[in-house]
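One structure below.
Quantities reported herein were computed from a predicted structural model and do not represent experimental measurements. Every number for a ligand or one of its atoms is a count from 1 in the order of the listing.
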Amino acid sequence: MKAMSFKGQSILVTGASSGLGKEIATCLARDHGANLVISARREDRLQELADELAKKFSVTVEVCAADLGLETDVDKLFEFCTQDRTLYGAILNAGITHFGKWDELDFESFRKMQAVNNTCVVKLASALLPYFEERAVGGGLMFVASQAGVTPVPYQTFYSATKAFLVHLGAGLHYEMKPRGVSVTTFVPGGIDTEMTEGARFNDLRSFLMPVGPCAREAVNAFRTRKYMHSPGLMYKVGGVLSKLLPGQLVVSTVAAQYKRSLESNR
Ligand SMILES: NC(=O)c1ccc[n+]([C@@H]2O[C@H](COP(=O)([O-])OP(=O)(O)OC[C@H]3O[C@@H](n4cnc5c(N)ncnc54)[C@H](OP(=O)(O)O)[C@@H]3O)[C@@H](O)[C@H]2O)c1
């Protein structure tokens, strides 16, 4: 399959009110001239971004406020972005985490995390993939997972498990959909400097965080070139290779010790 060309095409970006999603939307408009549908819960922020991108880069940016923890809002978003346009691609980026001991997270909060990180993604992918295939738009889908889905991260245990689900989902769909003309890419960043990592608990892990701008550019390029899976940043690429060479339990126990230290020294 040829690389994608985003110029004048419509792309959905979820979780675009802050962090990686906001930077991905900016990169798509600024560097590729893409038209966008942006989604998240905080409508005021989305509208501000839409106005800015439309004015600066002469693209169309439409806002669909949605709580992706609610299945009705997921349906609403699919209808919105496929109604008055032909959608070319989608980057499913919205996500939430919990950094702390596993038993600090109550079951309801876990269900919410799973609804946003997994159920919404499965529901949107199940609607978008046949849509892309039937229309033969030549575009694709990208999931934003995490290195925490490749290597288990204790003290982000439930989050890590939801991201492992996405890694497997993306890998399977990549091979099922490639012969059907739709690319599926899984983006697996390590730590990024965003709202998600703002809390004091992350203080001792800050030196591992990647700036969000370069991370977003790598995400867009991985999507455009239809990569199977992509990890941004040299540090995480080297770490990824090393972690494959070392015994798995040694890698996880090292990660556990770093996260525990950061958690305990920043209560
Ligand atoms: N930061 C990291 O270290 C890191 C590392 C690896 C992977 N990631 C992944 O990267 C993605 C983006 O995270 P980020 O770092 O950019 O964090 P962020 O700044 O907190 O952004 C998260 C985005 O998800 C949206 N979101 C959260 N709950 C939602 C809900 N119920 N319905 C709809 N949208 C919702 C938020 O918008 P609203 O609050 O306005 O709804 C926001 O736009 C996530 O999938 C995350 O797991 C992050």
Checklist outcome for this item: closest protein heavy atom to atom 47 (O) of ligand 1 is Tyr159 OH, 2.6 Å

Checklist entry - Between Gly191, Gly19, Ala16, Ser18, which one has a non-hydrogen atom sitting closest to atom 18 (P) of ligand 1? => result Ser18

Checklist entry - What's the shortest distance from atom 1 (N) of ligand 1 to any protein heavy atom, and which residue and atom give it? => result Thr194 OG1, 3.1 Å

Item to check | Presence of salt bridge, Arg42 and Glu195, under 4.0 angstrom | outcome: yes

Next on the checklist: I need the nearest protein heavy-atom contact for atom 32 (N) of ligand 1: residue, atom name and distance, please.
Outcome noted: Leu68 N, 2.8 Å

Item to check | Common cluster, Val153/Val252, ILVMFWY with side-chain heavy-atom separation under 4.5 Å | outcome: no

Checklist outcome for this item: The answer for which part of Asp67 has a heavy atom under 4.0 Å from ligand 1 is both

Checklist entry - Ala145: heavy atom below 4.0 Å from ligand 1, yes or no? => result yes

Item to check | N/O separation below 3.5 Å, Lys112 to ligand 1 | outcome: no

Checklist entry - Taking the six-membered ring for Trp, are Tyr228 and Tyr175 ring centroids under 6.0 Å apart? => result yes

Next on the checklist: For atom 3 (O) of ligand 1, tell me which residue out of Leu20, Asn117, Leu77, Ile192 has the closest non-hydrogen atom.
Outcome noted: Ile192

Checklist entry - atom 48 (C) of ligand 1: which protein heavy atom is closest, and how many Å away? => result Met196 SD, 3.7 Å

Checklist entry - With backbone taken as N, CA, C and O and side chain as the heavy atoms from C-beta onward, which portion of Ala66 lies under 4.0 Å from ligand 1: side chain, backbone, both, or neither? => result backbone

Item to check | Where ligand 1 meets Arg42 - atom numbers and elements under 4.0 angstrom, heavy-atom basis | outcome: 37 (O), 38 (P), 39 (O), 40 (O)

Checklist entry - Given that the side chain starts at C-beta and the backbone is N, CA, C, O, which of these parts of Ile96 lies under 4.0 Å from ligand 1, counting heavy atoms, or is it both or neither? => result side chain

Checklist entry - Does a donor on one side chain sit under 3.5 Å from an acceptor on the other, for Arg226 and Ser183? => result yes

Next on the checklist: Under a 3.5 Å cutoff, is there a donor and acceptor pairing between the side chains of Thr97 and Gln156?
Outcome noted: yes

Checklist entry - Closer than 4.0 angstrom: is that true for some heavy atom of Lys163 and an atom of ligand 1? => result yes

Checklist entry - When you measure from atom 25 (C) of ligand 1 to each heavy atom in Gly15, Pro189, Ala219, which option holds the nearest one? => result Gly15

Item to check | For atom 44 (C) of ligand 1, the option (of Val144, Val116, Asn93) bearing the nearest heavy atom | outcome: Asn93

Next on the checklist: I need the minimum non-hydrogen distance between Thr14 and Leu77, along with the two atoms involved.
Outcome noted: CG2-CD2, 4.0 Å

Next on the checklist: Could you tell me if Ser231 and Gln147 have a donor-acceptor pair between their side chains, going purely by distance under 3.5 Å?
Outcome noted: yes

Next on the checklist: Considering non-hydrogen atoms of the protein only, which is the closest contact for atom 28 (N) of ligand 1, and what is the distance?
Outcome noted: Arg41 NH2, 3.2 Å

Item to check | Cys120 contact mode with ligand 1 (heavy-atom cut-off under 4.0 Å) | outcome: neither

Next on the checklist: Heavy atom to atom 24 (O) of ligand 1, shortest distance: which of Ala148, Ala40, Ala216, Gly95 holds it?
Outcome noted: Gly95

Next on the checklist: Side chains of Asp75 and Thr72 only: does a donor on one sit below 3.5 Å from an acceptor on the other?
Outcome noted: no

Next on the checklist: Counting non-hydrogen protein atoms only, what is the nearest one to atom 37 (O) of ligand 1? Give residue, atom name and distance.
Outcome noted: Ser17 OG, 2.8 Å

Item to check | Short side-chain donor-acceptor distance under 3.5 Å, Ser262 and Asp204 | outcome: no

Next on the checklist: Residue-level breakdown please: for Arg45 versus ligand 1, do any non-hydrogen atoms fall below 4.0 Å on the side chain, on the backbone, on both, or on neither?
Outcome noted: neither

Checklist entry - Applying side chain to side chain donor-acceptor pair (under 3.5 Å), which residue pairs with at least one partner in residues 232-260 are found, sequence neighbours left out? => result Glu218-Lys237

Next on the checklist: Using a 4.0 Å cut-off to any heavy atom of Glu195, which atoms of ligand 1 qualify?
Outcome noted: 19 (O), 20 (O)

Checklist outcome for this item: closest protein heavy atom to atom 5 (C) of ligand 1 is Gly190 O, 2.9 Å

Item to check | Path from Leu263 to Leu105 over hydrophobic side-chain contacts below 4.5 Å | outcome: no

Checklist entry - In chain order, what residues pass the ring-ring contact (aromatic ring centres under 6.0 Å, His included) check against Phe6, with sequence neighbours excluded? => result His32, Phe223

Checklist entry - How far does CD1 of Ile24 sit from CD1 of Ile38, to the nearest 0.5 angstrom? => result 12.5 Å

